Amino acid sequence: MKEKLQNTIEKALESLSVEAVDFVVEHPAEVAHGDYATNVALVAAKNLGENPRELAEKIMKAVVLQDLPEVEKVTIAGPGFLNFTLSRDFYTAKTELINTVDGEWGKNNEYLGKKVLVEYTDPNPFKEFHIGHMFTNAVGESLARLFEMAGAEVKRLNYQGDVGMHVASAIWGMQQMGLTADDKFTPQELGQAYAKGATALKEDKDSKKEIELINQKLYKHTEYDDAVNLLYEKGREVSLAYFEQIYKMLGTKFDEYFFESEVSSRGVEVVLNNTDVFTESDGAWVFKGEEYGLHTRVFINSLGIPTYEAKELALAKMKQERCGDFDLSIISTANEINEYFKVLLQAMSLIYPELAQKTEHVGHGMVRLPEGKMSSRTGDVIGAMDFIGEVKKNVETRVKESGKEIDEEVIEKVAIGAIKYEVLKGSIFQDSVFDKAGALSFEGNSGPYLQYTYARIQSVAKKAESAGVIPSLDNTPEDIYGVERILYRFPEVVEEAVKERLPHKVSVFLSQLANEYNSFYATEKIAESSDEYAPYKLALSLAVAETLKKGLWTLGIEAPEKM
RNA sequence: GCACCCGUAGCUUAAUGGAUAUAGCAGUGGCCUUCGGAGCCAAAGGUUGGGGGUUCGAGUCCCUCCGGGUGCACCA
């Protein structure tokens, strides 16, 4: 509809011989101002030096209403806005469409036929999977789903750091704790081992030497140490299995896993094969970013070990080999590495120009604890599992209080929904202080509020069915319900969200939709066979439920039928 | 010090240069003889960090100051 209005207005400008201008068609904040509004007269009047209201008058007359049967009236308001009000038929048709398109509602063609790779989460084995990883996972998963809504074939990728000093630190810590490969140890114990090792690395010289030796053994295999290798294998296995458990809970399934251990040597090769791009400096290979307004970064250190940057070059190539040709490669991480990525992409553009062009880094905001930045070294983190458990307990208490039956599966969906929504309800680009109370609350603008609204519609639909109310569009009230004025915008919102990489556009929409629906629900009878509009209200309710479900899905949140 | 990001109600937060700046939480007052109260309605809460500028129009763009975050050579 939005595009249709834009096209019609452009035609009207043409017929008036007014030069094309950059105008917008948007939803006015006030319902009284209609369903769509445009500032075209204001913008064009500026160029022409005319009175905006007079020009608006002319444009209004030139807008051929026959072309727009959905528009009931056009008015001029304020400084010269053109306001369009849609007709009852338009809304009725939307309700019908939503209930009949079967899974297609909300989709767009922005990335139709394109292959999009989305790399996200990227936890390090041997370190604790904390709420920061949950944050980045929620962001990446919703980006992946938004691209799917836009018609893309999406590959979900996960890149994990299974080599390096953090691993050596963990192994050293395990040795100190007396753990052997034959022991059964937990991911939590691994986290403790890492914290122990990382602290020792920083504070004790002798320990540092020992850890460096372990790193050499693991990395270069110059010296074979069975005990170390076995600890490594076991630790990696425990860690990765634990991550899978979390992914399952979070509703994420990766298509491909990449490990630093696979890309290290290749990273070195790439750099050494491109000595025209990189320069040797103090025994290290660096990229001089200054020529491009950036800064210098080390790609291979003086010990000959590749850094993150070099590995990333190899990774880019490996993604293409494993996933085939693609159109876009998104790498979603916290914004603390934004500057590195600029340098990295610059270097990549000189080596793999075609890859660099298709690669996009989405640096989202960081989660901070009220006390400050999280650090797995000092143990100053909130573990993902611990936190999920805490939220689940809260949900369970809530269910018990209301005297409903306990359903483990539903409790988990609600808990995960609460956490994910808390992350995705605001802009992903903004840093945020982790609001524990917010994620633990189920009222107002929250995931459970949306899930509740969905479940409530399922319940009333069942009730309506037994009351003999059958959904129908035959008899519609003259007035448009507030919820209808929001509902049809869903596809526009999804398209905007994917274009701008902003999942919260969907969250804001859903919250508004649920609020409008709940107001409607409070005043209108649906499961009431004597009400002449009940069949339409039921059809509308089902359309809202479908939209809530689809919208929550794009955020990676499930909508249970009962809760 | 340099670079990038941010500053909106007590807290969290929305707003492709547009109309009276969005919501939620907390606090205040209502709504259970009504289909799910994880709900609904109402009132209250603001000099959009300060000051200049551009524009018919600025939370949004430019300048400047203040405050915060992140990064700045061998960690990722």
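A, B, ... follow the sequence lines: proteins, then strands. Residue 1 opens every chain. Fair warning: this is a prediction, and the values are worked out from it, not measured in the lab.
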H361(A) has an atom NE2; how far is it from atom C1' of U70(B), in whole Å? 13 Å
Which of parallel (below 30°), tilted (30 to 60°) and perpendicular (above 60°) describes F287(A) and Y292(A)? parallel
Short N/O separations, protein against nucleotides 53-58 of chain B, under 3.5 angstrom:
| from | atom 1 | to | atom 2 | distance (Å) |
| --- | --- | --- | --- | --- |
| G57(B) | O6 | K46(A) | NZ | 3.3 |

To the nearest angstrom, the CZ-P distance between F442(A) and G36(B) comes to 22 Å
Tabulate protein N/O versus nucleotide N/O from nucleotides 44-48 of chain B, keeping only pairs under 3.5 Å, one per line.
none

Base, sugar-phosphate or nothing for P123(A)? Non-hydrogen atoms, less than 4.0 Å. nothing
Can you tell me if T136(A) and D122(A) form a side-chain donor-acceptor pair at under 3.5 Å? no
Take Y517(A) and F520(A) through the ring pair (Phe, Tyr, Trp, His ring centres under 6.0 Å) test and state the conclusion after the steps. CA-CA 5 Å; Y517(A) 182 79; F520(A) 165 84; 5.5 Å; yes
Does C75(B) have its OP1 or OP2 closer than 4.0 Å to a side-chain nitrogen or oxygen of K202(A)? no
Scan S427(A) against the nucleic acid and name what it touches under 4.0 Å (heavy atoms): base, sugar-phosphate only, or nothing. sugar-phosphate
When only distance counts, do a donor and an acceptor, one from the side chain of N394(A) and one from the base of A38(B), lie under 3.5 Å apart? no
Would Y36(A) and H27(A) count as a close aromatic pair, with their ring centres under 6.0 Å? yes
Describe the nucleic acid contact of D22(A) in one word from base, sugar-phosphate, nothing, applying a heavy-atom distance below 4.0 Å. nothing
Check the orientation of F135(A) and H364(A). Use parallel for under 30°, tilted for 30 to 60°, and perpendicular for over 60°. tilted
Output yes when a side-chain donor or acceptor of N124(A) lies under 3.5 Å from a complementary backbone atom of K127(A), and no otherwise. no
Return no unless some side-chain N or O of S432(A) is found under 4.0 Å from OP1 or OP2 of U12(B). no
Nucleotide N/O to protein N/O under 3.5 Å, stretch nucleotides 20-29 of chain B:
| from | atom 1 | to | atom 2 | distance (Å) |
| --- | --- | --- | --- | --- |
| G24(B) | O2' | N445(A) | N | 3.3 |

Requiring both pairing distances under 3.5 angstrom, list the stems that contain RNA chain B and are made of three or more consecutive Watson-Crick or G-U pairs. B:1-7 with B:66-72, B:10-12 with B:23-25, B:28-31 with B:39-42, B:49-53 with B:61-65
Measure all distances between protein nitrogen or oxygen atoms and nitrogen or oxygen atoms of nucleotides 67-69 of chain B, and list the pairs falling under 3.5 Å.
| from | atom 1 | to | atom 2 | distance (Å) |
| --- | --- | --- | --- | --- |
| G69(B) | O2' | R368(A) | NH2 | 3.3 |

Without hydrogens or angle criteria, can the side chains of N158(A) and T121(A) be said to hold a donor-acceptor pair below 3.5 Å? no
When you compare C61(B) with C4(B), how far apart are their P atoms, in angstrom units rounded to a whole number? 14 Å
For the base of A73(B), is there a side-chain donor-acceptor partner from T307(A) under 3.5 Å away? no
Students often get this wrong, so: under 4.0 angstrom with heavy atoms, is E496(A) touching a base, only sugar-phosphate, or nothing? nothing
Do E309(A) and T307(A) get their side chains close enough for a donor-acceptor pair, meaning under 3.5 Å? yes
Considering just the side-chain nitrogens and oxygens of H27(A), establish if one lies under 4.0 Å of OP1 or OP2 belonging to A15(B). no
Would you indicate what A45(A) reaches in the nucleic acid, counting non-hydrogen atoms under 4.0 angstrom: base, sugar-phosphate, or nothing? nothing
May I ask you to say what Y521(A) touches in the nucleic acid, namely base, sugar-phosphate or nothing, with a heavy-atom cut-off under 4.0 Å? base
Remember a base hit wins even if backbone is also touched, and classify H504(A) as base, sugar-phosphate or nothing at under 4.0 Å, heavy atoms. sugar-phosphate
Within the structure shown, what part of the strands sits under 4.0 Å from K499(A) by heavy-atom distance: base, sugar-phosphate, or nothing? nothing
What's Q430(A) touching, base or sugar-phosphate or nothing? Going by heavy atoms closer than 4.0 Å. sugar-phosphate
Just to be sure I understand the rule, does A29(A) reach a base, reach only the sugar-phosphate, or reach nothing, if contact means heavy atoms closer than 4.0 Å? nothing
Looking across every strand, which nucleic acid part, if any, lies under 4.0 Å from Y308(A) by heavy atom: base, sugar-phosphate, or nothing? base
Counting only non-hydrogen atoms, which of residues 460-470 of chain A are less than 4.0 Å from RNA chain B? V460(A), K463(A)
Which part of the nucleic acid, if any, lies within contact of A527(A), taking any heavy atom under 4.0 Å across all strands shown: a base, the sugar-phosphate backbone alone, or nothing? base
I'd like to know if the side chain of S459(A) and the backbone of A455(A) have a donor-acceptor N/O pair within less than 3.5 Å. no
Would you say E290(A) has more than 12 foreign heavy atoms packed within less than 6.0 Å of its CD? yes
